[in-house]
Amino acid sequence: MNVKRMFINGEWIQPQTEQTRDIINPFNQEVIAKATEGNQTIVREAIQAARIAFDTGDWRNTPASERGKLLSKVASLIERDKEELAELETLDTGKTIVESRADMDDIAEVFRYYAGLADKDGGEIIDSPIPHSASKVVREPVGVCAQVTPWNYPLLQASWKIAPALAAGNTVVIKPSEITPLTTVKVTELIEEAGIPNGVFNLVLGSGETVGQELADNHQVDLISFTGGIHTGKKIMKSAADTMKNIALELGGKNPNIVFADADLETALDQALNAAYFHAGQVCSAGARLILEDKIHDQFVSELVERVKNIKLGNGFDEITQSGPMISAEHRRKVEGYVELGKQEGATLRTGGKRPDSPELQNGFFYEPTIFTDCTTDMRIVQEEVFGPVLTVERFTTKEEAIQLANDSIYGLAGGIWTEDTLKANQVAAELRMGTVWINDFHPYFAQAPWGGYKQSGIGRELGKSGLEEYTEVKHIFQNTKPEPINWFN
Ligand SMILES: NC(=O)c1ccc[n+]([C@@H]2O[C@H](COP(=O)([O-])OP(=O)(O)OC[C@H]3O[C@@H](n4cnc5c(N)ncnc54)[C@H](O)[C@@H]3O)[C@@H](O)[C@H]2O)c1
Ligand SMILES: C[N+](C)(C)CC=O
C-alpha cells in the first residue's frame, strides 16, 4: 500500500523513520491508506522552509494578480480531478458521494473566489491632517501561517484557509486531521502541479498532540488558523499566547433551529431533518436544538419521528444512502455516552438511541438518528456539542422566550428561524448572538459570505472579504513631503 507523505520545501519527504498511521474507512473499517506520522523535528523543518520562503520575499512580492492566477489553476485542477477527490473524501469520512461532490464544487469555487479577490485591495490613501504629508494604508501578508483542520469536512475546511492565505502572499504549513488526510494530500499534489514555488506551501501529517502542538508553539509561526473542537481551540489559544501569534479559531456549535407556528410547516419539517442529520449530524452548524412553538410541538414532533425512522443509512458510495457512519469507534462511543446522559437527565427518547440492527451496517460506525423531547436548557444534552445524529427538542410560547432559549448557550455559531412573518423573522435575527442566521433555510454557506462564530464558537471569520483580511496585517505608511528641521531641542 502506498504511503501518503509530507510535502516540505517543494519535495515529498522520505521520512527517516517509517512510522505510519492506518487510515480507516468508517463504513467497513478497512485500511484504505497509510500515512507518514510526523514528529517535532519534521514540523520544524516545514516551518523553517515556510519561514525562508516568506522572508526571501519572492512570493509576497509576486504581483497579487499572479498569485491569483496560480489559485485559478488550482481551481481548474480540482475540477479536473473532482471525481477522484470526491471518492477519496467519501472513503475517508463515510459521507455520501453526493455530499463529497458538492464539497468539491464548493472548494473549486473558494479557490476561484480568492483568485479573483487577490488583487482587489491596492490600499487606501488617507487624508492626513498634517500639512505636506502623504499617508497610505496597505495590507501585507502576516507571514508563516500554520493551518490545522478537522475530519468532518477535510478538504473544504482546508480550502477556506489555503486559498486566502496564499492569495494574500503568506507561506503555509498545513496539518489535516490525522484521521482524514487523503484529500489534503491530493490537493497538495495539485498545488505542486499548479507551480507553487518551493517552501510556500508545506504539508505535515500526524497527531494533534505532537505535530499540531508544535505548530501552535513554534516561535517562527506568525498565525495559527484552527478549525476543530472547543477544547483543542482553547489549548491552541493558550499555546499561541506565548509567542503572541495571530489566531483564527473556528470551533463548534450547538445551533438552534426555531420554528414558529406560522411557518410553512412542510418545508420546516423537511429542513429540520436536513439541519440535524446531514452528514450524520457531524457538522459544526448542525441544527441540533429544535425549538418549537407550543401550538405545533406535538404534531411537528410526531411527523418528524416518522420521517427520521426512514433515513436510509448505508455506504456513502451507494446513491440511495442518505447518511453515512460516524467517523470512528471512539466518536460513536462519545455519541452513545451523550444519549445515556440525555436519558439520565430526564429527556424523553422518541426514536433511535442505539446502533442499527441491519447486518450490512455492522462493520461500520453507524448510529441511528435520534430524537429527544422534553428537553430543557439546563441539560448537558442540550448545551454540549454531541456532533452526531442526536436532536433535542425544546418548546416556547412567545417570541422573546424563543430568543432567550436560542441564546442560552456558550456557543454562537449559527441558527435558523422559520416563519412567514418577515418582520418577526428580522426581529429575531437581530437578537440572536450568532455568526450566521438563516431565515426560512438552514445550512447555506458560500465563498462570498463570511463564516465564523460569536462567543465560544470562535474568533475571526473565514470566507468573504473578511476571510482574506484574516491573513493580512495592516500597515500605515506616512511620508513627510517637505522635511525640514523642527528645532524641538534647540
Ligand atoms: N466552526 C467551523 O467552521 C467548524 C467546521 C468544522 C468543524 N468544526 C468543529 O470541529 C470539531 C470536530 O473536529 P475534530 O474532532 O477533528 O476536532 P479536534 O479539535 O479534535 O481536532 C481538530 C484538529 O486539531 C488537531 N489537534 C488536536 N490537538 C491539538 C493540539 N494540542 N494542538 C494543535 N492541533 C491539535 C487535530 O489533529 C485535528 O487536526 C467539532 O467541534 C466541530 O464543530 C468547526
Ligand atoms: C462549516 N461547515 C458547515 C462547512 C462545516 C462545519 O462543520
Side-chain angles (χ1 to χ4, degrees), residues 96 254-283 285-314 320-326 332 335-358 361 364-377 379-397 402 405-406 415-419 438 440-443:
T96 67
K254 188 76 180 186
N255 311 286
N257 187 15
I258 306 169
V259 184
F260 286 93
D262 60 3
D264 167 353
L265 294 179
E266 173 51 35
T267 307
L269 255 167
D270 175 67
Q271 293 242 23
L273 284 176
N274 200 42
Y277 301 109
F278 190 75
H279 191 16
Q282 300 170 117
V283 182
S285 50
R289 286 181 69 191
L290 185 60
I291 302 183
L292 294 177
E293 189 164 350
D294 244 341
K295 290 188 251 190
I296 56 162
H297 177 280
D298 294 354
Q299 184 60 35
F300 199 97
V301 167
S302 53
E303 183 59 34
L304 196 66
V305 167
E306 289 317 304
R307 295 186 189 200
V308 165
K309 285 179 183 165
N310 291 328
I311 291 177
K312 176 89 184 92
L313 304 182
I320 62 162
T321 294
Q322 294 172 317
S323 189
M326 308 278 83
R332 180 169 62 178
V335 172
E336 287 173 327
Y338 270 114
V339 170
E340 284 316 305
L341 179 70
K343 291 187 215 162
Q344 285 161 23
E345 287 179 310
T348 306
L349 181 66
R350 295 291 297 265
T351 185
K354 63 179 181 62
R355 299 178 187 189
D357 303 322
S358 328
L361 300 180
F365 306 122
F366 285 93
Y367 197 74
E368 282 189 359
T370 298
I371 299 181
F372 277 118
T373 53
D374 303 312
C375 297
T376 50
T377 50
M379 293 176 178
R380 283 179 58 200
I381 189 77
V382 173
Q383 288 295 338
E384 296 177 19
E385 187 187 44
V386 176
F387 218 56
V390 178
L391 178 70
T392 63
V393 186
E394 297 157 79
R395 57 207 297 165
F396 69 92
T397 48
L405 287 173
I417 304 164
W418 293 89
T419 171
W438 294 292
N440 293 330
D441 212 321
F442 212 98
H443 276 325

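Source: prediction; values computed, not measured.
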Legend entry - side-chain contact (heavy atoms from CB on, under 4.5 Å) involving A280 - partner list, sequence neighbours excluded: Q282, S323, M326

Legend entry - F396: ring pair (Phe, Tyr, Trp, His ring centres under 6.0 Å) partners, not counting sequence neighbours: F260

Inset, instruction - For K354, enumerate each residue passing the salt bridge (Lys or Arg N to Asp or Glu O under 4.0 Å) test, keeping only those at least two apart in sequence or located in another chain. - result: D357, E368

Inset, instruction - Please name all residues satisfying salt bridge (Lys or Arg N to Asp or Glu O under 4.0 Å) with R355, sequence neighbours left out, ordered by chain then number. - result: E336

Legend entry - With S285 via side-chain contact (heavy atoms from CB on, under 4.5 Å) - residues at least two apart: N255, V283, L413, A414, W438, H443, W451

Inset, instruction - Taking ring pair (Phe, Tyr, Trp, His ring centres under 6.0 Å) as the test, write out the residues that go with F365, two or more places apart. - result: none

Legend entry - Pairing residues for E340 by the side chain to side chain donor-acceptor pair (under 3.5 Å) criterion, not counting sequence neighbours: K343

Donor-acceptor contacts under 3.5 Å from residues 268-277 side chains, at least two apart:
| residue | atom | partner | partner atom | Å |
| --- | --- | --- | --- | --- |
| Y277 | OH | T370 | O | 2.9 |

Inset, instruction - Using a strict cut-off of less than 4.0 Å between a Lys/Arg side-chain nitrogen and an Asp/Glu carboxylate oxygen, indicate whether E394 and R289 qualify as a salt bridge. - result: yes

Legend entry - Any residue meeting side-chain contact (heavy atoms from CB on, under 4.5 Å) with E385, in chain and number order, not counting sequence neighbours: F387, Y411

Legend entry - Contacts of type side chain to side chain donor-acceptor pair (under 3.5 Å), residue T397, not counting sequence neighbours: E401

Inset, instruction - Tell me, please, which residues at least two apart from D298 pass side chain to side chain donor-acceptor pair (under 3.5 Å). - result: none

Legend entry - Partners meeting side chain to side chain donor-acceptor pair (under 3.5 Å) with H297 (sequence neighbours left out): R395

